[in-house]
Engineer: 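Before anything else, here's the structure in question.
Note that ligands are numbered from 1 as they come in the structure, with each ligand's atoms numbered from 1 the same way.
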Amino acid sequence: MSAMLNVVEPATEQILATVASAGIEETDSAVAKAKAALSGWKSISPPDRSRLLRSLADRMSDSHEELALIEARNAGKPIASARGEIGMAIATFRYFANAPEQPFGRTIPVAGGMAMTVREPLGVVALIVPWNFPLTIACWKLAPALAAGNTVVLKPAVLTPLTALRFAELALEAGIPEGVINVVVGPGSTCGKRLVEHPDVAKVAFTGSTEVGRSIQAGAAGTIKRVTLELGGKSANVIFADSDLELAAASAPGAVFDNAGQDCCARSRILVERGAVDRFLELLEPAVKAVVVGDPLKETTVMGPLISANHRASVASYVPASASIAFQGSTPNGPGFWFPPTVLCPVAENDPAAVDEIFGPVVAVIPFEDEADALRIANDTVYGLSGSIWTRDGAKALRVARGIEAGNLSINSNSSVRVNTPFGGFKQSGVGRELGPDALEAYSDVKTIFYSTGE
Ligand code: NAP
Ligand code: MG
């Protein structure tokens, strides 16, 4: 009999569900099922595969509210955010539903015949995802992987497996053949590690911490697996004195406190041009205090709890009694892993709060002197995922956007992720890109076929 796993609701600390926990044996069996399903899935014609992916998007759409409710309760996120995230998961399937018919090859003139290129699926692909946007991040990987003709083993985080399990049922209802999508709920240290080392897994697509990403890249070397890694961040929100300060300040809390700061794109460093710091903090304070922290299932809630007691302890360690708290929001009393929105200022450049990815609702406000100094501070990190630039000077905005070593920059906005644009990190924020027109390439290999014309 397999071990059981208690899934906890972060807002109540109560057990939400109990699910069977997989081990090595179940992981191997999921890989074997995916391998057995591969030739059938690959040979479904491109238009039929498109139809199946569209039908899956339709089933998810019928279950939009149910999926959002599961996600809101399991991950402790506001219901309005959960609805948006499930909407994005569905949109990802709709976007990649067209993909089976899109990978055009080339014909290349060569001596003695014709050469042509085609794209082939990789085989069985393992998808290892975190707890912060459970189904959405899974679908960023599932949709292109399936569109390209691969079969998959999805390993959700043990803290948040519920939407993945429901998704697998919807996929079967939509007509996706048995074995094409396999969900393994078990710890990363056993099931995840096994997927990374398994000889029948061709690729690992991973989202999570830089630390685990490093071990995945090393573990994949043994079998020369392809890897894409979407890792951590310490993104800068760079605010120049000539910007629309009101708008920049009103937008800054959402850029770091959304999902209680448990967002790889969180702008957890706010860099403000020295002359504008006082005015900016004056504008930021009411915006931070207006963040409604509470029951994720209430429509008016803006921020929920953190994912677990352990994670709350880790976040709290960045705000010791000696920390310079400029101001702080409030949280409900009683059960739940709450932590208030917290703004630190001043913060020393080498303070862990200015260096580490806290992954919680804690932001450091850091003054800068000029454009060069802003770039120096923004790039003084091992990470390079995203960032924002606020200024009315268009040329300066573009210079700084080009100068910041990160994969996703926004000018006069904090929005980073769209289904139809590439997303991913520079430096230790990752390898490869998800979403957008290039994502399919990460789930297929190029094959060259030479056809002799007998010359
Ligand atoms: P994590 O600890 O790295 O875990 C991510 C996933 O990897 C989980 O499913 C985990 O399993 C699994 N795992 C753990 N150890 C493993 C191993 N040795 N081999 C294979 N798999 C293993 O990250 P997290 O704590 O869930 O999430 C927070 C981190 O993710 C943050 O650093 C954040 O920046 C990053 N993140 C990045 C992005 C992005 O797109 N760049 C998006 C979201 C989050 P279990 O937890 O089930 O044991
Ligand atoms: Mg972890």
Engineer: Is F423 in contact with ligand 1, taking contact as a heavy-atom separation below 4.0 Å?
Structural biologist: yes

Engineer: Heavy-atom distances under 4.0 Å are what count here, so tell me which part of L159 touches ligand 1: side chain, backbone, both or neither.
Structural biologist: neither

Engineer: Which of the numbered atoms in ligand 1 are under 4.0 angstrom from any heavy atom belonging to P187?
Structural biologist: 48 (O)

Engineer: How does E434 reach ligand 1, by side chain, by backbone, by both or by neither, if only non-hydrogen atoms under 4.0 Å count?
Structural biologist: neither

Engineer: Please say whether T210 places an N or O atom under 3.5 Å from an N or O atom belonging to ligand 1.
Structural biologist: no

Engineer: What distance separates L170 CG from L67 CG, expressed to the nearest 0.5 Å?
Structural biologist: 6.0 Å

Engineer: N/O of L231 under 3.5 Å from N/O of ligand 1, yes or no?
Structural biologist: yes

Engineer: Using distance alone, determine whether E357 and ligand 1 share an N or O pair under 3.5 Å.
Structural biologist: yes

Engineer: Is it true that R59 and E169 make a salt bridge, defined as a side-chain N closer than 4.0 Å to a carboxylate O?
Structural biologist: no

Engineer: Which one holds for I128 and ligand 1: side chain close, backbone close, both close, or neither close, with close meaning a heavy atom under 4.0 Å?
Structural biologist: side chain

Engineer: Would G188 count as a polar contact of ligand 1, with the cut-off being nitrogen or oxygen pairs under 3.5 Å?
Structural biologist: yes

Engineer: Any nitrogen or oxygen of K155, main chain or side chain, under 3.5 Å from a nitrogen or oxygen of ligand 1?
Structural biologist: yes

Engineer: Checking K396 against F240: charged group under 6.0 Å from the ring centre and within 45 degrees of the axis?
Structural biologist: yes

Engineer: Which is it for R269 and D380 under the salt bridge (charged side-chain N to carboxylate O under 4.0 Å, His left out) test, yes or no, and what are the steps along the way?
Structural biologist: CA-CA 11 Å; R269 295 182 297 155; D380 185 18; over 6 Å; no

Engineer: Considering distance alone, does some N or O of F359 sit under 3.5 Å from an N or O of ligand 1?
Structural biologist: no

Engineer: What about S209: any of its N or O atoms under 3.5 Å from an N or O on ligand 1?
Structural biologist: yes

Engineer: In this structure, which one of V256, T342, V343 forms a side-chain contact (heavy atoms from CB on, under 4.5 Å) with V288?
Structural biologist: V343

Engineer: Output yes when the distance from some N or O of ligand 1 to some N or O of V129 is under 3.5 Å, and no in every other case.
Structural biologist: yes

